[in-house]
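Below is one structure; the comments refer to it alone.
Below, chains carry the letters A, B, ... as their sequence lines are ordered, and counting in each starts from 1.
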Amino acid sequence: MHTVKSISKNRDSVVELLAIRDFNAAAIVDEIIAVDTEKREVQTRMETLRASINSLSKEIGILFKQGKRAEADAAKEKTGKIKEEVKDFSSKLADLEKRLSHLLVQLPNIPHESVPPGKGAEDNIEIRSGGETGKLSKDALPHWELARKYDIIDFELGNKITGSGFPLYKGKGALIQRAMISFFLDEAIRAGYTEYAPPLMVNEESGFGTGQLPDKEGQMYHVTEDNLYLIPTAEVPLTNIFRGDILSSSDLPLKITGYTPCFRREAGSYGKDVRGLNRLHQFDKVEIVQVQHPDRSYEALEEMTSYIETLVKKLELPYRIMLLCGGDMGFAAAKTYDFEVFASAQEKWLEVSSVSNFTSFQSNRLKLRFRDEATKNTLTAHTLNGSALALPRILAAILENNQTPEGIKVPEVLIPYTGFEMIG
RNA sequence: GGAGAGGUGGCCGAGCGGUCUAAGGCGCACGCCUGGAAAGCGUGUAUACCUCAAAAGGGUAUCGCGGGUUCGAAUCCCGCCUUCUCCGCCA
């Protein structure tokens, strides 16, 4: 969410930069400016009237104390009419504020100037890659068949217990998941992140704070009885830790991490890439989050990207890093890198991480600020987050890429965590 | 889930219909004092928005959150959230 102030001040550049997203903002921006002008006018008039009621009330109090009943009653009469007017203005003001916030939530974040323009995935730019996407033999199996062969993931049982998209991990399948969680958390801690284990359900305010509500309401599981949402990513509870806070600049950067299951309805995505572990309703993920000084958030984005790159390298997976084009970025992001690993049997790139700078977009919603010690000004902080990493697609790639006639080779770095070197 | 008691500034804590413009204390910042420090003394110490070219100044709102009563609400009424105590249930 943007502030009206920054939109009014930078009207033309806002419209220009949002075009990178293939988003025509001119009409909305102009309406925001018009509604805000009217709002301020109404607000000023209402507050002036309210001030006169306040001072009259004070006088009435004094008159009563002095025992001047008649004069007090006369003053009371006067306030009646003013009160009516205030009522009119305040309902008008409430209407205008509603219109304004309705308009504001329609504007996606403004892309960084380095974001390439474009409409969809085809316009993303590969900026780095690593590892060998070596060829497998003809009889190489996709991970869902390997999972059945070695009896480590049971999709049918998950289906029976819950439904499609809820796999059941067994034996070494469950163990390697737990190994990855520990490995990713240990790495994050070593990189300076503090571990949190947050709630898995969040309230409406938290959903709004990070931008899932109101736009992506249908993507979250909603427990209507208690009006709580199952988290689609740890980003939501982890970032909302700081909702409403005014930090000190010496607190920054805040670097936190957490493992959580993630729940996504994935409404409307049936039939596409849903085989096996490719797209699930429940999956595990370790997330990293930073709260940063605005001057350093893009530096931090690069740092987080490099960090995630070390993870995929340590797992010895062939990967590529994509700079998302404007049209493929999420609503709240100003710049996003996606990490994809190559699953050799499917011969498909699977997205395993998305790391984004949200600049002040989430902070404005969260009212997350910090006091700059040098200038004593209160400024809006920047938030960033990234998956480090999402487990199922990593597992899919490991299974497919590391298959041998003897079984699946566990990546070196995970062996201390799994206690075994082979699945098979 | 039931009953009772609470939620006041960075923190503690008073106030329970009219200078509340929220007492007092602690903390913090600055100044005085000092060779330096402590103590002491003094001054200051929230957030958002509006107004103003800007600053100064002025205004509005905020005492858990949302409504209501009243000329006037931290204070009275209603709903919700939350904390504590007791009971019930429970991994």
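Residues passing the salt bridge (charged side-chain N to carboxylate O under 4.0 Å, His left out) test with A/Lys160: none are found, sequence neighbours excluded. Among residues two or more places apart in sequence or in another chain, the salt bridge (charged side-chain N to carboxylate O under 4.0 Å, His left out) test is passed with A/Glu156 by A/Arg148. A search for side chain to side chain contact (heavy atoms under 4.5 Å, CB included) contacts involving A/Ser13 returns A/Asn10, not counting sequence neighbours.
The CG-C1' distance, from A/Asn377 to B/A48, rounds to 15 Å in whole Å. Spacing between atom NZ of A/Lys367 and atom C1' of B/C65 amounts to 15 Å, rounded to whole angstrom units. In this structure, the CG atom of A/Leu49 is 12 Å from the P atom of B/A61, given to the nearest Å. Atom-to-atom, NZ of A/Lys83 to P of B/A73 comes out at 8 Å; the value is rounded to the nearest Å. Between the CD1 atom of A/Ile82 and the C1' atom of B/U70 there is a distance of 16 Å, given to the nearest Å. Here the C1' atom of nucleotide B/C49 and the NZ atom of A/Lys39 are 7 Å apart, to the nearest Å. If you measure from atom CG of A/Leu228 to atom C1' of B/C80, you get 14 Å, rounded to the nearest angstrom. Between A/Glu97 atom CD and B/A48 atom C1' there is a gap of 12 Å when expressed in whole angstrom units.
Of the residues near RNA chain B, A/Thr79 and A/Arg369, the one whose nearest nucleotide (by heavy atom distance) lies more toward the 5' end is A/Arg369.
Electrostatic pairing of A/Lys5 and A/Asp36 does not count as a salt bridge here, judged by no charged N lying under 4.0 Å from a carboxylate O.
Using P as the reference atom, B/G67 and B/A5 are 26 Å apart when rounded to the nearest Å. Remark: the separation of the P atoms in B/G6 and B/G15 is 12 Å, to the nearest Å. Taking atom P in both B/U21 and B/G72, the straight-line distance is 15 Å, to the nearest Å. Taking atom C1' in both B/G35 and B/U19, the straight-line distance is 48 Å, to the nearest Å. Between B/G17 and B/G13, the distance separating the two C1' atoms is 22 Å to the nearest Å. Going from the C1' atom of B/A23 to that of B/U8 covers 12 Å, rounded to whole Å. To the nearest whole angstrom, the two C1' atoms, one in B/C20 and one in B/A29, are 26 Å apart. Nucleotides B/A3 and B/G58 are separated by 50 Å at their P atoms, to the nearest Å.
At least one donor-acceptor pair closer than 3.5 Å links the side chain of A/Gln362 to the backbone N or O of A/Thr210. Side chain of A/His382 to main chain of A/Phe361: no donor-acceptor pair is present (N/O by atom type, distance under 3.5 Å, no hydrogens or angles).
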Donor-acceptor contacts, no H, no angles, side chain residues 85-95 of chain A, under 3.5 Å, sequence neighbours left out:
{"from": "A/Ser90", "atom 1": "OG", "to": "A/Lys87", "atom 2": "O", "distance (Å)": "3.3"}
{"from": "A/Ser91", "atom 1": "OG", "to": "A/Asp88", "atom 2": "O", "distance (Å)": "3.1"}

Can you give me every donor-acceptor pair (side chain of residues 50-62 of chain A, partner residue at least two apart or in another chain, under 3.5 Å) with its distance?
{"from": "A/Ser52", "atom 1": "OG", "to": "A/Leu49", "atom 2": "O", "distance (Å)": "2.6"}
{"from": "A/Ser55", "atom 1": "OG", "to": "A/Ser52", "atom 2": "O", "distance (Å)": "3.2"}
{"from": "A/Ser57", "atom 1": "OG", "to": "A/Ile53", "atom 2": "O", "distance (Å)": "3.0"}

Residues 166-173 of chain A side chain polar contacts: donor-acceptor under 3.5 Å, at least two apart:
{"from": "A/Lys170", "atom 1": "NZ", "to": "A/Asp151", "atom 2": "OD1", "distance (Å)": "2.8"}
{"from": "A/Lys170", "atom 1": "NZ", "to": "A/Asp151", "atom 2": "OD2", "distance (Å)": "3.4"}
{"from": "A/Lys172", "atom 1": "NZ", "to": "A/Met422", "atom 2": "O", "distance (Å)": "3.0"}

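For A/Arg275 and A/Asn278, the side-chain atoms include no donor-acceptor pair closer than 3.5 Å. Looking only at atom types and distance, the side chain of A/Gln212 has no donor-acceptor partner in the side chain of A/Gln219 under 3.5 Å away. Counting only N and O atoms by type, the side chains of A/Glu187 and A/Tyr193 include no donor and acceptor under 3.5 Å apart. No side-chain N or O of A/Thr3 forms a donor-acceptor pair with one of A/Asn364 less than 3.5 Å apart. Side-chain contact annotation: A/Ser363 with A/Ser360, donor-acceptor N/O pair under 3.5 Å absent. In this structure, a donor-acceptor pair under 3.5 Å is absent between the side chains of A/Asn159 and A/Ser164.
Remark: nothing in residues 194-205 of chain A comes within less than 4.0 Å of RNA chain B through any heavy atom.
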Tabulated below should be each protein N or O lying under 3.5 Å from an N or O of nucleotides 9-11 of chain B; please produce it.
none

For nucleotides 18-20 of chain B, list the nitrogen or oxygen atoms of the protein found under 3.5 Å from its nitrogen or oxygen atoms, one pair per line.
{"from": "B/G18", "atom 1": "N2", "to": "A/Ser57", "atom 2": "O", "distance (Å)": "2.8"}

Could you list, one pair per line, each protein nitrogen or oxygen that sits under 3.5 Å from a nitrogen or oxygen of nucleotides 58-60 of chain B, together with the distance?
{"from": "B/G59", "atom 1": "N2", "to": "A/Glu47", "atom 2": "OE1", "distance (Å)": "3.0"}
{"from": "B/U60", "atom 1": "OP1", "to": "A/Asn54", "atom 2": "ND2", "distance (Å)": "3.2"}

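Residue pairs meeting the ring pair (Phe, Tyr, Trp, His ring centres under 6.0 Å) criterion with at least one partner in residues 236-265 of chain A, sequence neighbours excluded, do not occur; the list is empty.
Base-pairing analysis of RNA chain B finds the following stems of at least three consecutive Watson-Crick or G-U pairs, with both pairing distances under 3.5 Å: B:1-7 with B:81-87, B:10-12 with B:24-26, B:27-32 with B:40-45, B:46-51 with B:57-62, B:64-68 with B:76-80.
OP1 or OP2 of B/U47 lies within a sub-4.0 Å distance of a side-chain N or O belonging to A/Arg371. Applying the 4.0 Å criterion to OP1 and OP2 of B/C49, one finds that A/Arg40 has every side-chain N and O outside that range.
The side chain to side chain contact (heavy atoms under 4.5 Å, CB included) test with A/Phe23 singles out one residue from A/Leu17, A/Leu107, A/Val15, A/Ile110, and that residue is A/Leu107.
Using bins of under 30°, 30° to 60° and over 60° for the plane-to-plane angle, the ring pair A/Phe370/A/His293 lands in the tilted bin.
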